[in-house]
Amino acid sequence: MTPFTRKVILIIQSIPEGSVMTYGGVARAAGSPRAARQVVRILHSMSRKYRLPWHRVINAKGMISLTEDESASLQQLYLAGEGVVFDERGMVDLERYQYVPGPELELESELTGDFGAGAEDHLLPPLE
DNA sequence: CTCCTGACTCCGA
DNA sequence: CTCGGAGCCAGGA
């Protein structure tokens, strides 16, 4: 378990209900902008063990990337259940639903204790 | 060790 | 806007 993996897990767990993050967004937030594919891998191997809200992670186009229709429709079902709206093309409005934890804001909030609403329980532990 | 693969992205046409 | 190709990185064969 690398620090990166742990960060990814924490970040994903911090995505609020009704919001989504892109693979690349999670990777960026975890400090590795180019590690989108690793995020995917972590999702595969850790989602069950760490009870991750895997359905809130979608691709940069705002679409569900699952290949198996079965899981894909399940993911869309979950999101829809949280109030996320899909257009006729099966994509969500990222501008509206994407959750963006600031790059360094996690640390700041830890210091100031002042952070945006709904983002109080996603603090990263001291790593690195 | 090398090769292949993927729930990805970016960038140019 | 869509489409295609190259880049990306870590696991598994």
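Computation of the quantities below employed the complete heavy-atom set of this structure, encompassing side-chain atoms and omitting hydrogens, waters and symmetry-equivalent molecules. In what follows, every chain begins at residue 1, and chains take the letters A, B, ... in the order their sequences are listed.
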Engineer: Using heavy atoms and a sub-4.0 Å distance, could you list which residues of residues 66-98 of chain A are near DNA chain B? By number, please.
Structural biologist: Leu66(A), Thr67(A)
Engineer: Provide the start and end nucleotides, 5' to 3', of the part of DNA chain B that has atoms under 4.0 Å from heavy atoms of chain A.
Structural biologist: dG6(B) to dC10(B)
Engineer: Once the angle between the rings of Tyr78(A) and His55(A) is folded into 0 to 90°, is it parallel (under 30°), tilted (30 to 60°) or perpendicular (over 60°)?
Structural biologist: tilted
Engineer: In the structure I gave you, are the side-chain heavy atoms of Trp54(A) and Leu66(A) within less than 4.5 Å of one another anywhere?
Structural biologist: yes
Engineer: Tell me, do Met46(A) and Met1(A) make a side-chain contact under 4.5 Å, heavy atoms counted?
Structural biologist: yes
Engineer: Determine whether Ile12(A) and Tyr50(A) make a side-chain contact, defined as any pair of heavy atoms from C-beta on separated by less than 4.5 Å.
Structural biologist: no
Engineer: Which dot-bracket notation, 5' to 3', represents the base pairing of DNA chain B when pairs are defined as Watson-Crick or G-U with both distances under 3.5 Å, crossing pairs as [ ], and inter-strand pairs as |?
Structural biologist: .|||||.||||||
Engineer: Let me confirm one number: the CG-CE distance from Leu94(A) to Met63(A), rounded to the nearest 0.5 Å.
Structural biologist: 11.0 Å
Engineer: What pairs with Thr2(A) under side-chain hydrogen bond (donor to acceptor under 3.5 Å, both in side chains), at least two apart in sequence or on another chain?
Structural biologist: Thr5(A)
Engineer: Does anything in residues 33-63 of chain A come within less than 4.0 Å of DNA chain C? Heavy atoms only, and list the residues if so.
Structural biologist: Arg34(A), Arg37(A), Gln38(A), Arg41(A)
Engineer: Starting at CD of Gln13(A), measure out to CG of Leu52(A) and round the result to the nearest 0.5 Å.
Structural biologist: 5.5 Å
Engineer: Can you give me every donor-acceptor pair (side chain of residues 16-25 of chain A, partner residue at least two apart or in another chain, under 3.5 Å) with its distance?
Structural biologist:
{"from": "Thr22(A)", "atom 1": "OG1", "to": "Gly25(A)", "atom 2": "N", "distance (Å)": "2.8"}

Engineer: Measuring only between side-chain heavy atoms, which start at C-beta, is Val57(A) closer than 4.5 Å to Ile15(A)?
Structural biologist: yes
Engineer: To the nearest 0.5 angstrom, please state how far the CD atom of Gln76(A) sits from the OG atom of Ser71(A).
Structural biologist: 13.0 Å
Engineer: Of the non-hydrogen atoms in Phe4(A) and Ala35(A), which two are nearest, and what is the gap between them?
Structural biologist: CZ-CB, 3.5 Å
Engineer: Rounded to the nearest 0.5 Å, how far apart are OG of Ser65(A) and CD of Gln75(A)?
Structural biologist: 8.0 Å
